[in-house]
*Asks:* 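This is the structure I have questions about; it appears just below.
Letters go in sequence order (proteins before strands), and every chain restarts at 1. What you see is a predicted model, and the numbers here were worked out from it, not measured in a lab.
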Protein chains: 2
Amino acid sequence: MIDKYTGHLSTHEKDSIEEALRVMRKASLLVRNIETYFSAHNLSQLRFLILIVIDREANRSSLYAHEIATRLDVSRPVLTRTLKKLVEDGLLTSSNDEEDKRSKKIALTEKGASCLSEVLPGYFSEINKLMG
Amino acid sequence: MIDKYTGHLSTHEKDSIEEALRVMRKASLLVRNIETYFSAHNLSQLRFLILIVIDREANRSSLYAHEIATRLDVSRPVLTRTLKKLVEDGLLTSSNDEEDKRSKKIALTEKGASCLSEVLPGYFSEINKLMG
DNA sequence: TAAATATAGTTACCATGATAACTAGTTTAA
DNA sequence: TTAAACTAGTTATCATGGTAACTATATTTA
């Protein structure tokens with residue numbers, strides 16, 4: 001495909017493009033496999049990552065919603081919606097902050113933490129399956 | 001992050017995982033940049049790829065919708081919707097097949113072809129920017 | 001300190017991906 | 001040669017991403 005459209009490009013540039021297309025294909029395969037794996041556990045990439053960033057945080061048991069949004073580089077409306085569902089599902093709790101009344105503190109429940117430990121081994125093995 | 005969760009994994013497996021996370025991050029950056037570039041041209045990844053697969057087809061000026069779906073590995077409902085918009089936008093034509101009345105032949109219009117040539121150089125340079 | 005600005009989160013709306021269930025043709029097989 | 005199975009495309013519905021515009025609270029600054 002590349003050849004047809006890139007007569008004017010250098011060999012180096014063509015290599016870059018091939019590499020890019022290869023990377024995107026591989027990543028898209030990985031993401032698809034991982035989404036499939038997660039969906040069997042009532043998770044998605046984002047739901048999983050939200051649990052992870054809270055859990056991995058040293059010295060704190062909760063994060064503010066905006067901190068999660070920044071760490072995961074996700075828009076705040078999407079985060080609002082996803083947090084709402086995670087709270088409904090009992091994986092997270094949300095509580096108002098006393099100092100800054102705009103903010104919400106998001107914490108893992110026990111169910112959230114155990115969900116994470118159940119899912120992690122399979123997550124890594126999904127990755128190894130494709131990368132190995 | 002990996003260290004916290006992977007005590008039981010071999011070094012090789014940890015490397016795979018790091019590589020996978022690196023690939024996914026890079027691909028996600030690339031995809032985001034490309035989507036931004038396309039959106040300034042009233043395209044998306046899928047809209048672009050549909051134009052490409054028709055254009056690159058040797059010896060034929062049209063493809064059946066289901067051929068496009070297969071080549072791009074996209075669900076048929078998504079294709080139906082996207083083709084409809086591309087036809088509305090004047091980039092494609094859709095015509096009924098005489099031999100198989102279920103099928104639709106999808107072809108590039110002149111506008112579609114020129115849209116493609118306008119967009120391709122920038123597409124490749126977006127890729128080179130990130131990969132280079 | 002009052003007004004302007006910035007930040008946290010939400011709501012409304014849209015784009016783009018999927019699956020399930022449907023209609024309408026086509027092919028296969030009893 | 002009709003009934004069953006298959007295939008092409010559509011519709012309905014849902015999940016998940018985004019931006020713009022809003023409310024409420026905090027902070028800066030004139």
Side-chain angles (χ1 to χ4, degrees), chain A residues 24 27-51 62-89 92-106, chain B residues 24-25 27-51 62-89 91-106:
Chain A
M24 285 193 288
S28 126
L29 250 176
L30 238 181
V31 165
R32 187 178 305 185
N33 287 356
I34 289 172
E35 285 293 358
T36 301
Y37 170 71
F38 279 150
S39 70
H41 295 263
N42 195 27
L43 286 180
S44 67
Q45 283 252 29
L46 179 56
R47 285 165 63 91
F48 169 74
L49 289 171
I50 289 169
L51 302 185
S62 69
L63 284 177
Y64 295 112
H66 66 272
E67 294 176 310
I68 298 174
T70 302
R71 279 166 174 67
L72 298 183
D73 196 18
V74 72
S75 68
R76 272 164 319 156
V78 168
L79 190 66
T80 296
R81 187 214 288 150
T82 310
L83 288 177
K84 189 160 167 288
K85 284 183 204 149
L86 285 166
V87 170
E88 283 166 10
D89 292 349
L92 295 180
T93 58
S94 168
S95 54
N96 295 317
D97 187 60
E98 288 307 305
E99 316 215 332
D100 185 337
K101 286 177 185 168
R102 297 167 305 178
S103 296
K104 293 193 163 177
K105 289 191 286 192
I106 311 296
Chain B
M24 286 194 285
R25 215 162 12 241
S28 127
L29 250 176
L30 238 181
V31 166
R32 188 180 302 187
N33 287 356
I34 288 173
E35 285 292 358
T36 302
Y37 169 72
F38 279 149
S39 71
H41 296 263
N42 194 28
L43 286 180
S44 68
Q45 284 252 30
L46 179 58
R47 285 164 64 91
F48 168 75
L49 289 171
I50 289 170
L51 302 184
S62 70
L63 284 177
Y64 295 112
H66 67 271
E67 293 177 311
I68 299 175
T70 303
R71 279 165 173 66
L72 298 182
D73 197 17
V74 72
S75 68
R76 273 162 321 155
V78 168
L79 190 66
T80 295
R81 186 214 286 149
T82 311
L83 288 177
K84 188 159 168 286
K85 285 185 203 146
L86 286 166
V87 170
E88 282 167 9
D89 292 349
L91 303 177
L92 294 180
T93 58
S94 167
S95 54
N96 295 318
D97 187 58
E98 288 308 305
E99 315 216 333
D100 186 335
K101 286 177 183 167
R102 296 168 305 178
S103 295
K104 293 192 163 178
K105 288 191 287 191
I106 311 296

*Asks:* Checking side-chain contact (heavy atoms from CB on, under 4.5 Å) between A/V78 and each of A/L46, A/L83, A/L72, which is the one that passes?
*Replies:*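 Between A/V78 and the candidates, side-chain contact (heavy atoms from CB on, under 4.5 Å) is satisfied uniquely by A/L46.
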*Asks:* Can you tell me the distance, in whole Å, between the NZ atom of B/K84 and the P atom of D/dA8?
*Replies:*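 Distance, rounded to whole Å: 22 Å.
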*Asks:* Return the minimal non-hydrogen interatomic distance between B/R102 and B/D100, and the atom names on each side.
*Replies:*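 Minimum heavy-atom separation between B/R102 and B/D100: NH2-OD2, 2.7 Å.
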*Asks:* Could you state the CG-P distance from B/L29 to D/dG17, rounded to the nearest angstrom?
*Replies:*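 Result: 16 Å.
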*Asks:* Answer yes or no: is there a donor N or O on one side and an acceptor on the other, between the side chain of A/D97 and the main chain of A/E99, under 3.5 Å?
*Replies:*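 Looks like yes, one N/O pair under 3.5 Å.
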*Asks:* When we call it a touch if two heavy atoms are under 4.0 Å apart, what does A/E67 touch: a base, just sugar-phosphate, or nothing?
*Replies:*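 No contact.
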*Asks:* Between A/L79 (CG) and C/dT7 (P), how many Å, whole number?
*Replies:*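 Rounded to the whole Å, the gap is 18 Å.
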*Asks:* Please report, rounded to the nearest Å, how far the C1' atom of D/dA15 is from the CZ atom of A/F38.
*Replies:*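 My rounded result for the distance is 16 Å.
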*Asks:* Check whether any side-chain nitrogen or oxygen of B/H66 sits under 4.0 Å from OP1 or OP2 of D/dG9, and answer yes or no.
*Replies:*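 Looking at the OP1 and OP2 atoms of D/dG9, one of them is under 4.0 Å from a side-chain N or O of B/H66.
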*Asks:* Is the shortest heavy-atom distance from the side chain of A/R71 to the side chain of A/L49 under 4.5 Å?
*Replies:*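 Sidechains of A/L49 and A/R71: no contact.
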*Asks:* Within this structure, what is the CG-to-P distance between A/L83 and C/dG9, rounded to whole angstrom?
*Replies:*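 Computing the A/L83:CG to C/dG9:P distance gives 9 Å.
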*Asks:* What is the minimum heavy-atom distance between A/K105 and A/N96, and which atoms define it?
*Replies:*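 Nearest pair, atom of A/K105 first, then A/N96: CE-O, 4.3 Å.
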*Asks:* Can you give me the closest heavy-atom contact between A/L79 and A/A65, atom names plus distance?
*Replies:*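 Looks like CD2-O, 3.0 Å.
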*Asks:* Grab the CG-C1' distance between A/L72 and D/dG17 for me, whole Å please.
*Replies:*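 My rounded result for the distance is 14 Å.
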*Asks:* Shorter than 3.5 Å, N or O on both sides, protein versus nucleotides 27-29 of chain C: list them out with atom names.
*Replies:*
none

*Asks:* Please determine if a side-chain N or O atom of B/K101 lies less than 4.0 Å away from the OP1 or OP2 oxygen of D/dG9.
*Replies:*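 The answer is no; no side-chain N or O of B/K101 sits under 4.0 Å from OP1 or OP2.
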*Asks:* Check the distance between C/dA24's C1' and B/D97's CG and give it to me in whole angstrom.
*Replies:*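 Between C1' of C/dA24 and CG of B/D97: 15 Å.
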*Asks:* Measure from OH on B/Y64 to P on C/dG25 and round the result to the nearest Å.
*Replies:*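 Between P of C/dG25 and OH of B/Y64: 16 Å.
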*Asks:* Check every strand shown and say whether B/T80 touches a base, only sugar-phosphate, or nothing at a heavy-atom separation below 4.0 Å.
*Replies:*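 The residue B/T80 makes base contact.
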*Asks:* Classify the ring geometry between B/H41 and B/Y37 as parallel (under 30°), tilted (30 to 60°) or perpendicular (over 60°).
*Replies:*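 Ring orientation of B/H41 relative to B/Y37: tilted.
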*Asks:* Donor-acceptor pair, B/R81 side chain versus B/R76 backbone, under 3.5 Å?
*Replies:*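 Side chain of B/R81 to backbone of B/R76: no pair is present.
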*Asks:* Is it true that a side-chain atom of B/E35 and a backbone atom of B/R32 form a donor plus acceptor pair closer than 3.5 Å?
*Replies:*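 Absent.
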*Asks:* For each nucleotide in nucleotides 13-20 of chain C, reading 5' to 3', give B when a protein heavy atom comes within less than 4.0 Å of its base, S when such contact involves only the sugar-phosphate, and - otherwise.
*Replies:* ---BBBBB
